[in-house]
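Below is one structure, written out as structure tokens; comments come after it.
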Amino acid sequence: MRVLVTGGAGFIGSHIVTALAARGHEPVVLDALLPSAHPSAPPPPAAEWIQADVRDRPALSRALLGVDAVCHQAAMVGLGKDFADAPAYVECNDLGTAVLLTAMAEAGVRDLVLAGSMVVYGEGRYDCPRDGTVRPGPRAAEDLDAGRFEPRCPRCGAELTPGEVGEDAPADPRNVYAATKVAQEHLSAAWARATGGRAVSLRYHNVYGPGMPRDTPYAGVASFFRSALARGEAPRVFEDGGQRRDFVHVRDVAAANAVALEAVAGREPGALTPLNTGSGEPHTVGEMAWALARAHGGPDPVVTGEYRLGDVRHITASSRRLAAELGWRAETGFAAGMAEFARSGLRGAGSADVRVP
């Protein structure tokens with residue numbers, strides 16, 4: 001199968017290219033090499049390579065020649081600097097997806113696997129002892145300033161118990177990046193209905209592993225911690241470190257994309273299927289910081305009490321549907337994955353610790 005991988009020179013995309021080639025497929029890489037994702041130029045991937053923006057219609061038309069399916073990874077990620085980033089996020093993520101889908105429709109390419117995200121859920125699932133399953137609203141700045149990080153029941157104010165989110169939970173984006181990921185799914189669903197296409201959105205959890213970009217404003221928390229350790233500095237843990245997440249290794253995410261691409265042609269035409277993609281082993285942000293610090297040899301993390309508006313407290317989701325429908329399961333455990341990540345390099349300029357797999 002010939003597969004166009006947009007963003008294929010990036011952190012996750014490059015691992016997908018490797019996974020596809022290992023399974024006998026023919027990946028084609030399209031990547032704009034945006035500085036936010038590539039502080040320094042990565043080595044060229046071992047695949048057919050087109051340096052172009054996903055919003056470049058002529059380049060897309062050339063890239064789609066002979067392609068059987070598209071794996072769409074190109075996007076701006078993370079919370080960014082502030083709301084001033086909103087136009088760039090919307091233009092890159094949503095306009096870029098619209099241009100890609102239009103080019104696919106014209107080229108007759110009908111199979112798509114989209115890089116979705118668990119951020120579409122906002123705050124995760126919570127259960128109240130009195131009111132059952134509830135969805136708390138955004139956390140107030142005055143509560144966060146006072147160190148009250150846990151959401152309370154919006155009905156009775158009671159303490160809540162976090163749980164796993166299923167794919168049928170409603171979207172509730174809490175920041176600009178999350179809003180663009182919801183829009184990408186809606187655009188892809190509209191494309192599928194209009195063209196008879198088949199789409200799968202893999203809603204990634206917190207992806208980490210070798211080759212992460214170093215600590216730009218668009219990197220993830222694992223990258224921030226790993227970059228600090230490389231500089232000999234203590235990882236700075238926001239809030240109280242009790243935020244629950246699902247940290248999933250990038251090779252497992254790449255494998256999920258490969259099996260989804262192989263299965264998407266057999267799915268129902270005219271629809272988008274969301275599939276949570278996580279390790280199934282939730283941990284707190286503090287636990288992750290300590291695991292990295294121990295494996296790296298220190299220094300120990302520092303809990304700061306700082307926060308970022310738009311962050312959610314807990315979000316972990318069930319990946320049982322992905323396992324049941326596609327036979328995929330994460331293979332890299334938390335301890336082994338963090339130990340490897342602590343020793344591996346990051347992408348980026350200006351760091352002697354940079355090694356790209």
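Position 1 is the first residue of the sequence, and the numbers go up from there. Note that this is a predicted model, so its numbers are computed, not measured.
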Apply side chain to side chain contact (heavy atoms under 4.5 Å, CB included) to T161 and list each qualifying residue two or more places apart in sequence or on a separate chain. none
Salt bridge check, R251 against E331: does any charged N sit closer than 4.0 Å to a carboxylate O? no
R267/E325 ion pair, N-O < 4.0 Å: yes
Just to verify, what does Y208 make a ring pair (Phe, Tyr, Trp, His ring centres under 6.0 Å) with, not counting sequence neighbours? H249, F341
Taking only residues two or more places apart in sequence or in another chain, which ones pass side chain to side chain contact (heavy atoms under 4.5 Å, CB included) with P170? R135
E159: which residues meet the side-chain hydrogen bond (donor to acceptor under 3.5 Å, both in side chains) condition with it, sequence neighbours left out? none
Excluding sequence neighbours, so at least two apart, what forms ring pair (Phe, Tyr, Trp, His ring centres under 6.0 Å) with F334? H283
Within 6.0 Å of CD in E268, more than 12 heavy atoms from elsewhere: no
Will you find, in the side chains of H205 and T316, an N or O donor that is under 3.5 Å from an N or O acceptor? no
Could you note down all residue pairs passing side chain to side chain donor-acceptor pair (under 3.5 Å) where residues 188-197 supplies at least one of them, sequence neighbours left out? none
Got a salt bridge between E164 and R244, using NZ or NE/NH1/NH2 to carboxylate O under 4.0 Å? no
For D127 and T133, does a side-chain donor sit closer than 3.5 Å to a side-chain acceptor? yes
